[in-house]
Amino acid sequence: MDMDEEQGKFKITGKRSRQIGALVCAVVTLALMGAIYGAEFCFPNTEKGRLEAVKAYAAAGEGEVSRRYEISYDTEMRAAAFEERDGWLYIFYTADNEENVHGILTLEKGINGRFRPIRSQQGPFPYDAGVWSTDLTLGKKGLQALALAGENCTDIKAVKLIFAFDPSGMQSSRDAGVQEKVYPVNELDFLWILDGEALWGVPEPFHIFPKDVRFLDENGNDITEKHRDETVKGSWGSGTGSAELGTVYVLMAITGFVGAVLVRYFLWDEENNLS
């Protein structure tokens, strides 16, 4: 075999090696970018995934001392009900602690089909069963709604919701308008999200917030006090929010840039690099 043939074989082998190197770099880069994204959007909408999301976001971490308005790590929690709509997941959760904390966890859906928690609202619930309510911000558009969350509603056959709304959307007058509605209850545990369209028939951009919720039996009698738990004395509301995705996208961009540089290196003119 003459020198020209040997040099030709060497160039072909070198070219294939560099192409393989470029392919490996591209695959590893995409895998790392996917892992970064998946670490943020990591909770599936399954029974196990919803409970894991609640515990990870609403409770203190293992070994941490819970702060005020926070649920301790070893508290038994329950993801009682949920609703998924328009790429968002809302989970109603309860904590078996001294203040019988109830809350709503809001999660955003990612392109991988999983969710990341972005905010939660919670507070004590002074009843052994019944319906808890809170105002709720829907998605990124900031539309206001009410959440009605029921737990163990065995003898509660209807709920009377008394709510206020502020047409300015700025809570400048908390008594700008007050209405009440009665809803039948057919489930033991549930989560209903009532936006302007559900309450009025049109998606009004009002700020909506609950004033009172009363429990009714099958005859329409008010049985709210029957379920009152006198051991729960707290009266507060707490909310938490996650950071935006800027850091995640920056890390993905850096990883992609480094990967692109390595791929470009391997695909550089073989003759120039093998000369």
Side-chain angles (χ1 to χ4, degrees), residues 39-110 114-127 130-152 161 163 171 189-195 207-210 213 232 234-248:
E40 188 72 15
F41 291 87
C42 58
F43 297 107
N45 185 12
T46 61
E47 183 175 355
K48 180 181 178 182
R50 291 190 295 270
L51 182 58
E52 287 179 346
V54 165
K55 288 184 174 181
Y57 197 83
E62 186 175 6
E64 294 180 359
V65 177
S66 60
R67 299 180 295 273
R68 190 183 182 195
Y69 305 150
E70 193 172 40
I71 300 166
S72 62
Y73 171 79
D74 56 353
T75 298
E76 184 177 346
M77 300 186 69
R78 192 170 161 251
F82 71 96
E83 180 173 333
E84 183 178 349
R85 61 159 72 179
D86 302 326
W88 296 80
L89 178 62
Y90 305 90
I91 304 174
F92 165 48
Y93 62 87
T94 66
D96 186 16
N97 59 2
E98 184 178 348
E99 295 190 296
N100 194 23
V101 171
H102 285 35
I104 304 289
L105 178 62
T106 300
L107 303 93
E108 179 183 9
K109 192 173 187 178
R114 298 196 170 203
F115 295 83
R116 72 179 283 256
I118 63 167
R119 58 177 169 265
S120 69
Q121 295 159 258
Q122 62 187 36
F125 187 60
Y127 302 98
V131 181
W132 180 74
S133 183
T134 185
D135 53 334
L136 193 65
T137 300
L138 300 181
K140 287 185 176 178
K141 294 182 179 179
L143 294 177
Q144 299 298 311
L146 291 180
L148 281 180
E151 178 193 20
N152 195 28
L161 170 65
F163 63 97
Q171 292 182 269
D189 303 316
F190 59 85
L191 173 60
W192 300 337
I193 297 176
L194 308 175
D195 55 14
H207 183 87
I208 315 167
F209 42 94
V213 178
V232 178
S235 179
W236 50 266
S238 174
T240 57
S242 293
E244 293 295 327
L245 286 171
T247 303
V248 173

Can any side-chain N or O of Arg114 pair as donor or acceptor with the backbone N or O of Cys42 at less than 3.5 Å? yes

Flag the pair [X] / [Y] as yes when at least one side-chain heavy-atom distance between them is below 4.5 Å, and no otherwise.
X      : Y      : result
Tyr127 : Glu151 : no
Gln121 : Asp135 : yes
Lys109 : Asn45  : no
Tyr93  : Ser120 : yes

Do you know which two heavy atoms are closest between [X] and [Y], and how far apart they sit?
X      : Y      : value
Ala81  : Leu191 : CB-N, 3.6 Å
Tyr57  : Pro117 : CD1-CB, 3.5 Å
Glu108 : Trp88  : CB-CZ3, 3.6 Å
Ser133 : Pro210 : OG-CB, 3.5 Å
Gly49  : Phe43  : O-CD2, 3.8 Å

Separation of [Y] [atom2] from [X] [atom1] (nearest 0.5 Å):
X      : Y      : atom1 : atom2 : value
Gln122 : Thr134 : CD    : OG1   : 10.5 Å
Met77  : Thr94  : CE    : OG1   : 7.5 Å
Asn152 : Asp189 : CG    : CG    : 6.5 Å
Trp132 : His102 : CH2   : NE2   : 8.0 Å
Thr137 : Arg119 : OG1   : CZ    : 5.0 Å
Ile208 : Leu194 : CD1   : CG    : 8.5 Å

Heavy atoms from other residues, nucleotides or ligands near CG of Asp86 exceed 12 (cutoff 6.0 Å):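 No.
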
Assess whether atom CD of Glu84 is packed by more than 12 heavy atoms of other residues, nucleotides or ligands within 6.0 Å. yes

Are Phe190 and Trp192 an aromatic pair, judged by ring center distance below 6.0 Å? yes

So, applying side chain to side chain contact (heavy atoms under 4.5 Å, CB included) with Phe115, which one of Thr106, Leu89, Leu105 is it?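 It is Leu89; the other options fail the test.
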
